[in-house]
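In what follows, a single structure is set out as structure tokens and then discussed.
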Amino acid sequence: MSTTSALEQTTLDELAEIAARYPEKRSGLLPMLHLVQSAQGKVTPEGIQACADILDISPAEVSGVATFYTMYKRREPGDFHVGVCTNTLCAVMGGDEILARLQEHLGVGNDETAQKREGDTHTVSLEHIECNAACDYAPVAMVNWEFVDNLTPDSAVQLVEDLRTGKEVRSTRGPRLCSWREVERVLAGFPDGRADEGPSAGPSSLVGREIARERGWSAPPGAASGTTGTEDLSASAAAAEADTSRAESETVEADVESTVEEPSDD
């Protein structure tokens with residue numbers, strides 16, 4: 001008996017639509033799992049079985065993918081999922097303090113959802129993340145995968161309070177923050193029309209480009225200037241030949257060293 005009955009037919013149809021986008025339909029598994037999370041809040045057994053049925057693979061294969069990537073949740077996150085970076089630069093700039101402050105304020109551990117208080121509009125969950133790939137704005141967090149830059153412990157607490165009480169919050173370099181389920185649908189490949197809402201790259205990310213403009217620097221000529229690719233191929237061949245020659249030389253030297261007799265104690 002199928003275990004997919006908890007999913008609406010509309011969702012099943014959209015899962016099949018995602019799979020059909022790819023020459024190898026199993027390549028659609030990642031966005032399909034995001035769609036399951038959009039529909040059910042998390043990766044459920046019903047969602048796993050539905051993906052397996054559509055892709056003609058085993059539920060174990062689907063589950064293996066769902067448990068490998070941390071963006072897929074087996075417990076439903078809050079309406080707003082906050083991920084605090086504590087990797088090297090963010091840690092140096094205060095990421096550890098921000099995470100500790102939020103854990104204390106929300107009363108949660110890693111990847112847990114804070115209790116919804118009387119008067120709260122939304123729930124908030126908290127996760128420690130190794131890197132949010134935004135070092136130029138450290139310390140940084142993401143809310144439902146949208147950036148919130150240059151945080152402090154105090155501004156982080158204010159952020160989660162605004163989210164809990166229903167105030168509109170905008171990403172530092174992106175759109176108005178939407179709910180977990182809404183953003184999961186976008187990640188599944190169903191745009192919400194807000195891709196161009198808000199700034200994308202901030203001044204810190206563009207410093208290198210501005211310096212290059214001031215100094216007249218440009219990229220070396222290559223494929224963009226109309227080359228056929230032969231030059232690149234020749235360069236690759238030359239590099240490979242150099243690597244081979246160096247390896248052969250090192251092998252000969254090693255052989256010579258191994259044949260040198262150790263001095264006798266006699």
Side-chain angles (χ1 to χ4, degrees), residues 29-38 41-43 48 61-114 123-160 162-164 169-175 177-189 198-208:
L29 178 55
L30 298 184
M32 290 170 72
L33 288 171
H34 282 299
L35 185 64
V36 169
Q37 293 196 138
S38 175
K42 60 183 178 179
V43 176
I48 289 174
E61 291 176 282
V62 178
S63 184
V65 172
T67 55
F68 181 83
Y69 294 104
T70 58
M71 289 178 76
Y72 301 121
K73 306 299 183 183
R74 303 308 289 267
R75 291 184 312 215
E76 184 171 358
D79 299 318
F80 293 98
H81 186 62
V82 179
V84 179
C85 180
T86 59
N87 213 329
T88 307
L89 185 56
C90 279
V92 169
M93 299 295 287
D96 289 324
E97 289 83 355
I98 291 171
L99 179 63
R101 179 76 173 276
L102 288 180
Q103 287 179 326
E104 178 183 10
H105 179 75
L106 295 172
V108 297
N110 182 55
D111 220 6
E112 294 180 353
T113 301
T123 56
V124 170
S125 51
L126 181 66
E127 181 180 10
H128 148 253
I129 292 179
E130 277 300 317
C131 184
N132 274 327
C135 302
D136 44 351
Y137 289 98
V140 68
M142 297 190 90
V143 179
N144 292 344
W145 318 122
E146 295 285 0
F147 286 115
V148 182
D149 304 320
N150 297 317
L151 284 172
T152 66
D154 288 342
S155 66
V157 168
Q158 185 62 53
L159 168 68
V160 298
D162 288 346
L163 294 170
R164 295 172 95 179
V169 178
R170 291 184 172 270
S171 168
T172 313
R173 287 174 288 131
L177 298 181
C178 60
S179 73
W180 166 260
R181 293 198 182 203
E182 288 173 322
V183 79
E184 284 298 300
R185 183 170 176 80
V186 175
L187 292 174
S200 55
S204 296
S205 302
L206 302 176
V207 168

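Just so you know, residue 1 is the first one in the sequence shown, and it goes up from there.
- In this structure, Glu130 and Cys85 approach most closely via the heavy-atom pair O-SG, 3.5 Å.
- Under the 3.5 Å distance criterion, the side-chain polar atoms of Thr86 are left unmatched by any main-chain donor or acceptor of Ala91.
- Distance check, rounded to the nearest 0.5 Å: CZ of Arg164 to OG1 of Thr123 gives 9.0 Å.
- Looking at Val36 and Ile48, their side chains never come closer than 4.5 Å, going by heavy atoms from C-beta outward.
- Under a 3.5 Å cut-off, the side chain of Thr67 and the backbone N or O of Ser63 do form a donor-acceptor pair.
- Put simply, the side chain of Asn144 does not reach to within 4.5 Å of the side chain of Leu177, judged on heavy atoms.
- Thr172 contributes a side-chain N or O that, together with a main-chain N or O of Asp149, makes up a donor-acceptor pair within less than 3.5 Å.
- Annotation for Pro31 and Leu187: closest pair CB-O, 4.1 Å, computed over non-hydrogen atoms.
- Val82 is listed as a side-chain neighbour of Val84, based on a closest heavy-atom distance under 4.5 Å.
- Counting heavy atoms from C-beta outward, Cys90 and Val140 have side chains that approach closer than 4.5 Å.
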Do any side-chain atoms of residues 100-109 form donor-acceptor pairs under 3.5 angstrom with protein atoms, and if so which ones, sequence neighbours left out?
from   : atom 1 : to     : atom 2 : distance (Å)
Arg101 : NH1    : Asp154 : OD1    : 3.0
Arg101 : NH2    : Asp154 : OD1    : 2.9
His105 : NE2    : Glu161 : OE2    : 2.7

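- Between the Ser125 side chain and the Gly78 main chain, a donor and an acceptor come within less than 3.5 Å of each other.
- Proximity of Trp145 to Glu184: side-chain heavy atoms (C-beta onward) are separated by under 4.5 Å at one or more points.
- Between Pro77 and Gly41, the shortest heavy-atom distance links the atoms CD-O, 3.5 Å.
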Should Val143 and Leu163 be marked as a side-chain contact (heavy atoms from CB on, under 4.5 Å) after you check the CA-CA gap, both sets of side-chain angles, and the distance that decides it?
CA-CA 10 Å; Val143 179; Leu163 294 170; 3.9 Å; yes
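- Residues Ala138 and Leu89 share a closest heavy-atom pair of CB-CG, 4.0 Å.
- Among residues at least two apart or in separate chains, salt bridge (charged side-chain N to carboxylate O under 4.0 Å, His left out) pairs with a member in residues 70-85 are Lys73-Asp111, Lys73-Glu127, Glu76-Arg181.
- Looking only at distances, a side-chain donor or acceptor of Gln37 sits under 3.5 Å from a matching main-chain atom of Met71.
- Looking at every heavy atom in both residues, Phe80 comes nearest to Cys178 through CE2-O, 3.4 Å.
- From Asp162, atom CG reaches atom CZ of Arg170 across 13.5 Å, with rounding to the nearest 0.5 Å.
- Taking both residues in full, the closest heavy atoms of Ile98 and Pro153 are given as CG1-N, 3.8 Å, listed atom of the first, atom of the second, then distance.
- Scanning for ring-ring contact (aromatic ring centres under 6.0 Å, His included) contacts around Tyr72 gives His34, with sequence neighbours left out.
- When side chains are defined from C-beta on, Val62 counts as touching Leu33, because their heavy atoms get closer than 4.5 Å.
- Formation of a donor-acceptor pair under 3.5 Å by the Asn132 side chain with backbone atoms of Phe147 is not found in this model.
- With contacts defined as side-chain heavy-atom distances shorter than 4.5 Å, the pair Tyr69/Leu30 qualifies.
- Taken to the nearest 0.5 Å, the OG atom of Ser155 stands 8.5 Å off from the CG atom of Asn150.
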